[in-house]
Amino acid sequence: MSVADKFGIDNHKLNYHLSRVNDWLERKEVYPIYLEISPAGACNHRCVFCAVDYIGYQTVFLDPEILKSRLSEMGRLGVKSVMYAGEGEPLLHKRLPEIIHHTRDSGIDVSITTNAVPLTSAWALEAMGAITWIKTSINAGTPETYAQIHQTKPEDFGKVVSNLETAVKIRNQKNWDCTLGSQMVLLPENEKEALLLAKTMKKVGCDYLVIKPYSQHNSSITRTYEGVDYSDSTYLKDDLATLNDDSFSVVFRENTLNKLFENDHYYDKCGATPYFWGYIMADGSLYGCSAYLLDERFCYGNINDHSFQEIWEGEKRRRNIEFVENELNIKDCRKNCRMDSVNRYLWDLNHPPEHVNFI
């Protein structure tokens with residue numbers, strides 16, 4: 001991993017879970033290492049690039065008692081991390097701090113992806129001590145562009161910056177280990193503000209800013225940025241790198257961006273689904289891949305109705321394993337999906353080059 005990307009954001013970390021990979025190679029039962037969970041379907045923003053706009057931002061929230069019961073079970077079964085994010089804004093769930101502490105008490109690492117408008121000082125004091133990292137989606141360097149992209153009022157930009165300053169102050173005063181990051185999806189409207197945002201995030205005291213390319217979700221209503229051209233955007237890397245030091249870095253996702261220039265997938269089959277990760281929607285539905293939400297072929301059951309183990313070892317997931325292995329045409333999949341780097345790694349394990357013994 002590079003000095004700028006010490007958390008391995010622009011790559012995968014499956015190679016640190018070799019026992020789970022070995023179980024996969026031997027076709028044993030594999031429970032997910034990582035789950036994304038959507039506590040809330042509702043969202044206070046309507047970002048112009050939102051991949052899950054087709055779901056409709058429904059005002060639905062996970063039942064906290066059922067979720068806590070399932071989290072205890074997940075920890076026993078080997079789930080190692082949960083990211084609370086999803087099709088809505090997770091901090092809109094009123095009992096999320098309680099859920100976060102229960103997640104950590106279940107032996108599961110916790111992360112949050114948020115727009116940080118609801119990230120008040122009271123929330124930070126209640127929850128941040130149990131969180132591994134928080135990543136704030138902030139997709140502009142000025143209030144005007146922020147309001148345009150997030151489809152909200154310009155005042156929200158200042159609120160987010162202020163909330164992050166407060167969170168950093170609390171984190172430092174409490175000596176908590178929570179990493180505070182931020183992220184910009186690179187768009188034609190905000191490209192010229194990337195450096196300005198990076199300077200703002202550094203001044204705030206965030207640990208990093210991620211600059212990532214847009215990836216078209218096949219089911220999204222929005223098609224505004226489909227085929228966006230990044231061929232002239234790589235200049236940003238060097239400009240942004242001038243801000244890197246021991247306490248702040250800009251992770252310019254060059255590896256991810258370069259993969260967009262490829263004409264086809266590196267691999268022929270998806271190896272990550274339905275094994276190493278999963279997605280729980282705000283209505284409790286458990287899916288094997290976030291690129292196929294609302295697609296019944298990838299829905300294994302609902303945590304409101306069945307235990308996690310019953311769902312994961314159930315018939316619907318068994319059928320999905322056969323479908324992914326024998327029928328899924330990955331040319332129909334989202335390019336640069338979340339498991340793309342994992343899939344490249346798994347493909348190479350199953351398709352080694354010649355002369356592998358000459359290490």
Is it the case that [X] and [Y] place a side-chain donor and acceptor less than 3.5 Å from each other?
X      : Y      : answer
Thr132 : Arg104 : yes
Thr103 : Tyr84  : yes
Arg334 : Ser215 : yes
Glu191 : Ser233 : yes
Glu189 : Tyr225 : yes
Ser137 : Asn139 : yes
Glu89  : Thr114 : yes
Asn44  : Asn115 : yes

Transitive ILVMFWY side-chain link Leu328 to Leu293, under 4.5 Å
yes
Shared ILVMFWY cluster between Val228 and Val48, side chains joined below 4.5 angstrom?
yes
Does NZ belonging to Lys199 count more than 12 external heavy atoms closer than 6.0 Å?
no
Is it true that atom NZ of Lys237 has more than 12 heavy atoms of other residues, nucleotides or ligands lying nearer than 6.0 Å?
no
Is [X] salt-bridged to [Y], cutoff N-O under 4.0 Å?
X      : Y      : value
Lys80  : Asp109 : no
Arg318 : Glu313 : no
Glu322 : Arg297 : no
Glu65  : Lys68  : yes
Glu262 : Arg344 : yes
Lys153 : Asp156 : yes
Arg317 : Glu29  : yes
Arg223 : Glu226 : yes
Asp53  : Arg46  : no
Asp207 : Lys6   : no

Classify the ring geometry between [X] and [Y] as parallel (under 30°), tilted (30 to 60°) or perpendicular (over 60°).
X      : Y      : result
Tyr31  : Phe308 : tilted
His150 : Phe49  : perpendicular
Phe276 : Trp24  : tilted

What's the verdict on salt bridge (charged side-chain N to carboxylate O under 4.0 Å, His left out) for Arg27 and Glu325, showing C-alpha distance, side-chain angles and the deciding distance?
CA-CA 12 Å; Arg27 302 187 70 83; Glu325 288 185 353; 3.0 Å; yes
Please check if the distance between the ring centroids of His351 and Tyr267 is under 6.0 Å.
no
Identify the heavy atoms of Ala198 and Val250 that sit nearest to each other, and give their distance.
CB-CG2, 4.0 Å
I need the minimum non-hydrogen distance between Gly271 and Tyr275, along with the two atoms involved.
O-CD1, 3.2 Å
Taking [Y]'s backbone N and O only, do any of them form a donor-acceptor pair with [X]'s side chain (distance below 3.5 Å, no angle check)?
X      : Y      : answer
Ser182 : Tyr208 : yes
Asn190 : Glu193 : no
Glu36  : Gly86  : yes
Tyr230 : Leu257 : no
Ser249 : Ala4   : yes

Establish, for the pair Lys135 and Trp133, whether the NZ or CZ atom is under 6.0 angstrom from the six-membered ring centre and no further than 45 degrees off its axis.
yes
Kindly compute the distance separating CD1 (Ile138) from CE (Met184), expressed to the nearest 0.5 Å.
8.0 Å
Just to verify, which of Tyr345, Phe7, Trp277 counts as forming a ring pair (Phe, Tyr, Trp, His ring centres under 6.0 Å) with His12?
Tyr345
